[in-house]
Structures are given as structure tokens and as C-alpha cells.
Amino acid sequence: MNMKKALLVLAVLLFAAPPAWSGGEISVKDPWVRRNPPGASVTAAYMVIENRGRAADELLEIGCSCSASASLHITETREDSMAMKKVASIEVPPGDSVVLSPGGYHVMLEGLSGDMGETVTLEFKFRSGERISVTAPVVLNPPAASRRGHHH
Amino acid sequence: MKRHYWLLTALALIALVWVAVLGFIGTDKGSFHGDEYRRPAFDFSLTDHRNRTFSLSGHPGKVILLNFGFTNCPDVCPTTLGMLGEVLDLVEDERAMALFITVDPERDTAAKLGAYIPFFHDGIIGLTGPQQEIKRVNDACGTFYSKEQETQGSDYMVVHSPAVYLIGPGGEVMLRYPKEKLDPRKIAGDVKRLLM
């Protein structure tokens with residue numbers, strides 16, 4: 001009887017758990033937003049996105065409380081020229097993380113609404129259905145943690 | 001057997017001395033951190049962020065770091081400007097200058113640069129002016145820029161060089177720092193050496 005109950009609980013857990021577990025699979029770490037210089041209507045946000053799950057996930061959309069629009073970009077540097085390219089999404093492989101840092105992937109924030117204050121809220125939407133909201137400091141220089149990330 | 005041993009030791013010693021000599025010559029020559037990039041001296045005249053005329057020939061004997069960019073560039077341009085500010089703080093010499101030349105003069109007026117540039121460092125000079133003059137500076141540095149329309153909307157981006165160029169006291173482009181060499185301490189080292 002007890003065994004049967006235990007099995008039932010296990011079965012329920014197995015079916016019910018995956019959506020609950022996925023809640024912790026994707027996380028956003030060390031977010032920061034570059035304080036926009038006066039007169040600049042654009043700036044960028046950076047962070048590390050970690051996927052502890054067993055399946056790949058994809059960052060589809062980002063929103064910021066500070067700007068009219070937020071889009072995913074990558075800075076591509078060739079021998080002597082540099083350009084920013086819009087990307088539709090950023091894939092985060094399972095058991096891996098993707099670093100958004102100056103000179104690489106970044107979130108371009110356009111149409112800034114005046115003074116950004118000390119912090120802004122960033123909202124992330126992933127293909128898995130995951131939605132994450134984080135508070136990011138608005139700073140001049142990358143915080144120490146993301147500088148470390150920058151050097152790999 | 002013993003003779004072979006001595007011969008090997010002697011050879012090893014010779015190799016060691018040779019390496020040491022080469023190493024000494026190498027450091028004595030003291031190569032720069034920046035890539036050597038000698039191009040003929042040139043001049044240009046643009047408007048600075050305080051709305052005054054700036055001519056390269058008006059600043060002889062100075063070591064000038066030059067970077068191209070535009071204020072609507074959110075990622076790399078502010079990073080490089082911050083780096084140039086750090087170099088000026090490390091060098092602390094009036095004979096060292098940093099210039100930011102816009103590649104988007106349509107939007108980057110002197111007034112706009114006046115609000116933008118001092119945010120990074122008081123010593124950085126923002127420059128704008130006619131397209132042909134900005135193009136001439138790019139040519140002199142052996143680089144280029146081009147406007148690129150975004151797929152949607154009226155917004156555009158300007159593709160340009162991420163490098164920093166060092167103009168020596170004689171007005172010639174001497175060194176080039178590609179993206180991966182934008183290290184403020186090492187660039188400051190080059191500037192200090194040239195000002196010695």
C-alpha cells in the first residue's frame with residue numbers, strides 16, 4: 001500500500017515536475033546597462049545568460065523599462081571595419097552560458113526616456129516559454145564581475 | 001662518450017647565449033604595443049565640440065590618439081572613448097591628446113558632440129565637419145567608413161574602423177591599435193615613450 005502510494009507520488013512528480021524544474025534552468029547573471037552620455041538616444045545592456053538545463057533554449061525578446069525598444073545585436077569586427085548586425089535570437093546551449101559583453105552580443109536600447117536613474121528593469125522571453133525579469137544597475141563602466149567574464 | 005657530453009654542453013651554452021643576445025636586442029629595440037603603421041604626415045581642419053576650428057597642424061610636437069565613431073553607436077564607441085579617457089589619465093601630459101572624429105556628421109553636430117564628449121573625459125576633443133574632410137582623415141589613416149541603412153525604418157548605422165591611430169609628433173600616422181590591442185596601460189606606455 002505504502003509502496004503503491006510512493007509510486008503514485010513519484011508518477012505525479014515526474015509528470016508535474018518538468019515545467020517546475022525549467023523555472024530554474026535559465027538564469028540571467030551580472031546584468032548592467034551603460035549609462036547613456038548626454039545627447040545619446042541609444043545605449044546597450046549586457047549580461048550572462050546561463051542554461052543549466054539539458055535542452056537548448058533561445059532568447060527571443062527583451063524589454064527594458066528605460067527605452068522604447070530593445071533589440072539583440074552583435075558587433076562584427078572584420079580586419080578594418082566594424083558593424084552592428086541585428087540578430088533575431090540568441091541560442092543558449094544546454095549546460096552552457098552566453099556572454100553579452102562590449103564588442104560582442106549586446107542588447108541595443110533605443111528611444112531612451114530621459115534620465116535612466118540608478119537601475120532599470122530588463123525582461124527576457126525565451127523559446128521555452130520562460131520569462132525572467134531582472135534589475136540591472138546603470139553604470140559607466142562594466143562591473144568587476146562582467147569584466148572577469150569579458151576575459152573568459 | 002665523455003667528449004660527446006662536453007660537445008653537447010658547449011652547444012647548449014652557445015644556444016643559451018644566442019637566445020639571451022637576441023632577447024637583449026629585442027628589448028633594446030623596444031617595439032611598440034601598437035602595430036607600426038608609418039604613413040606620411042598630413043593635415044586636416046575640422047570643428048571641435050566647442051565649435052572652434054581644430055587643425056592638426058596647429059598642434060605640432062604632440063602625440064595624438066585618434067578614433068572614429070558616432071554618438072548613435074551604443075556598444076563599441078563608448079567603450080573606446082572610456083578607454084581613451086583612461087589613457088589620458090595615465091599619461092597626464094599636456095602634449096598628449098585624444099580625438100574622436102565622427103563618421104556621422106549629419107547627426108553629430110558640434111553641439112551634439114559638446115554634450116556627449118565631455119561625459120567621457122574633459123581632455124577628449126570631439127570633431128565634426130564636412131564629409132569630404134572626414135573622408136580625407138580616414139584615407140590618411142588607411143581606413144574608410146560607410147553609411148548602412150537598417151532594414152526597416154529611417155535609422156542607419158555607420159560601418160567604420162574600430163582601431164585607434166597614433167599620430168606622432170611630426171604629424172604622421174605612426175601606430176595603429178586594432179580592437180584587440182585597445183589596452184589603456186600599454187597605449188599609455190607608447191605615448192609616454194614618444195613624449196620622452
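So that the names make sense, note that chain A is the first sequence line, chain B the second, and so on, each numbered from 1.
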First locate atom CD of E148(B), then atom NZ of K85(A), and finally report the distance between them rounded to the nearest 0.5 Å.
5.0 Å
Distance check, rounded to the nearest 0.5 Å: H106(A) atom NE2 versus T79(B) atom OG1?
9.5 Å
Closest approach of V159(B) and A83(A), non-hydrogen atoms and distance?
CG2-CB, 3.7 Å
Which atom pair, heavy atoms only, marks the closest approach of P162(B) to T77(A)?
CG-CG2, 3.7 Å
In terms of hydrophobic clustering (I, L, V, M, F, W, Y; side-chain heavy atoms under 4.5 Å; direct or indirect links), are Y156(B) and M84(A) co-clustered?
yes
E180(B) atom CD, over 12 foreign heavy atoms within 6.0 Å:
yes
Let's test your reading of the structure: which of S161(B), A163(B), G142(B), G114(B) forms the most heavy-atom pairs below 4.5 Å with chain A?
S161(B)
Any side-chain heavy-atom pair of H73(A) and P74(B) under 4.5 Å
no
Look at F120(B), Y145(B), F119(B) and state which one has the largest set of heavy-atom pairs under 4.5 Å with chain A.
F119(B)
Which one, A115(B), P118(B), C73(B), S146(B), leads in non-hydrogen pairs under 4.5 Å with chain A?
A115(B)
Nearest 0.5 Å, what's the CE-SG distance between M82(A) and C77(B)?
5.0 Å
Check M108(A) against N72(B) and note the closest heavy-atom contact, atom names and distance.
CE-O, 4.3 Å
Under 4.5 Å heavy-atom distance to chain B, tell me which part of S81(A) shows up: side chain, backbone, both or neither.
both
Does any N or O in the side chain of K179(B) come within less than 3.5 Å of the main-chain N or O of G103(A), such that one atom is a donor and the other an acceptor?
yes
Counting only non-hydrogen atoms closer than 4.5 Å, does L140(A) touch chain B with its backbone (N, CA, C, O), its side chain (CB onward), both, or neither?
side chain
Do I49(A) and V87(A) belong to the same hydrophobic cluster, where Ile, Leu, Val, Met, Phe, Trp and Tyr are linked whenever their side-chain heavy atoms lie under 4.5 Å apart, directly or via other members?
yes
Hydrophobic cluster identity match, V191(B) and L90(B), side-chain contacts under 4.5 Å:
no
For residues D80(A) and R176(B), determine if any side-chain heavy atom of one lies less than 4.5 Å from a side-chain heavy atom of the other.
yes
For R52(A), does the CZ atom sit with more than 12 other heavy atoms under 6.0 Å from it, leaving out its own atoms?
yes
Neighbour count above 12 (heavy atom, 6.0 Å) for R39(B) CZ:
yes
Are F144(B) and V158(B) co-members of a hydrophobic cluster defined by side-chain heavy atoms under 4.5 Å apart?
no
Taking a hydrophobic cluster as the set of Ile, Leu, Val, Met, Phe, Trp and Tyr residues connected by side-chain heavy atoms closer than 4.5 Å, whether directly or through intermediates, do V76(B) and L72(A) fall within one such cluster?
no
Residues in residues 34-44 of chain A near chain B [non-hydrogen atoms, under 4.5 Å]
R34(A), R35(A), N36(A), P37(A), P38(A), G39(A), A40(A), S41(A), V42(A), T43(A), A44(A)
Kindly check if the number of other-residue, nucleotide or ligand heavy atoms within 6.0 Å of NZ (K186(B)) is above 12?
no
